[in-house]
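For the single chain, residues carry numbers from 1 onward in sequence order.
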Amino acid sequence: MSIIHVSLDVAGMYYQREDIHMPSNCSIKEVMMEARRLDLADPNTTRPIFDFSGSLGAGRREFLNEIKIIHRTPAKSRQIAEPRREYAAGTYVGKDSSGTLSPDSKRFVSYNPDDRFIFSWQYYVYDSNFVDKNRLLKGSLERKVIPYSQKPSENGQTLADGDTIVWRLVTIFIRPLLDDASGLQASVS
């Protein structure tokens, strides 16, 4: 089994770790556990600390519920435009919508019929050329939902040297935010 070098990035929470060395057959969760271990062991007290939690979902597989980044010093955004925004030191937490496994579904879904949208953590794997590998699984252009605890032998997605895992907290709409369009301003032509 070969050892690969991968990176972990959390969009919007100002976290990136590029020095993660893992066996090539590891899961996304195992990479995340190693990032957390490296952060906690790092004597550099200015480096942020990565943490996360998950829960069992469909098929008794684990799905991510929360990412927490503890910035011990102010964090600067990686935006290109100057001046770059600076964010205060402290704990940044991103949680998915609390939900439950619907009795008529195999997916982790919001169970509250009043919700207009839910938040869900999704990860993307990019190769060393920053090509989105998730969309290339099994020859499909569709994005695949893969539990982060699955091993490559279960899902067909093998991490390779130079890959980057990017987590994003996305909004998924269940129904329209407005019941009608009367509250919208007329468009300008």
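In this structure, the separation between CG on Asp39 and CD1 on Ile69 is 7.5 Å, given to the nearest 0.5 Å. Within the model, atoms CG of Asp9 and CZ of Arg17 stand 13.0 Å from one another, a figure rounded to the nearest 0.5 Å. Rounding to the nearest 0.5 Å places CZ of Arg47 at 13.0 Å from CD1 of Ile70. Here the straight-line distance linking atom CD of Glu30 with atom CD1 of Ile20 works out to 12.5 Å at 0.5 Å rounding. The line from CG of Asp19 to CG of Leu38 is 6.0 Å long, rounded to the nearest 0.5 Å.
Smallest separation of non-hydrogen atoms from Gly54 and Asn65: C-OD1, 3.0 Å. Counting all heavy atoms, side chain and backbone alike, Ser149 lies closest to Ser27 at O-CB, 3.8 Å. Pairing each heavy atom of Asn44 with each of Thr46, the nearest pair is OD1-OG1, 2.5 Å.
Linking Ile, Leu, Val, Met, Phe, Trp and Tyr whenever their side-chain heavy atoms come within less than 4.5 Å leaves Ile118 and Val93 in two separate clusters. Both Met33 and Val31 sit in one connected hydrophobic cluster of ILVMFWY residues. Membership requires side-chain heavy atoms under 4.5 Å apart, directly or through other members.
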Legend entry - Stepwise side-chain contact (heavy atoms from CB on, under 4.5 Å) check, Glu34 with Val6: CA-CA 11 Å; Glu34 179 65 3; Val6 294; over 6 Å; no
Inset, instruction - Could you go through the side-chain contact (heavy atoms from CB on, under 4.5 Å) check for Met22 and Leu159 one step at a time? - result: CA-CA 9 Å; Met22 299 295 297; Leu159 292 172; over 6 Å; no
Inset, instruction - Kindly determine whether Gln122 and Ile172 satisfy side-chain contact (heavy atoms from CB on, under 4.5 Å), including the steps that lead there. - result: CA-CA 11 Å; Gln122 292 182 352; Ile172 300 171; 4.1 Å; yes
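For the pair Arg72 (side chain) and Ala89 (backbone), a donor-acceptor distance under 3.5 Å is absent. Of the possible donor and acceptor atoms, none in the side chain of Asn129 sits under 3.5 Å from a partner among the backbone N and O of Val131.
Every residue meeting the ring pair (Phe, Tyr, Trp, His ring centres under 6.0 Å) condition with Phe50, not counting sequence neighbours, appears here in chain and number order: Tyr15, Phe52. The salt bridge (Lys or Arg N to Asp or Glu O under 4.0 Å) search around Lys95 returns Glu66, not counting sequence neighbours.
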What pairs of donor and acceptor atoms, side-chain ones from residues 161-170 against any protein atom, are under 3.5 angstrom apart with sequence neighbours left out?
residue : atom : partner : partner atom : Å
Asp161  : OD1  : His5    : N            : 2.7
Asp163  : OD2  : Lys133  : NZ           : 2.7
Asp163  : OD2  : Ala160  : N            : 2.8

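Between His71 and Tyr92, the angle of the ring planes goes over 60°, which puts this pair in the perpendicular group of the 30/60° scheme. Taking the six-membered ring for Trp and thresholds of 30 and 60 degrees, Tyr126 and Phe130 have nearly parallel ring planes, at less than 30 degrees apart.
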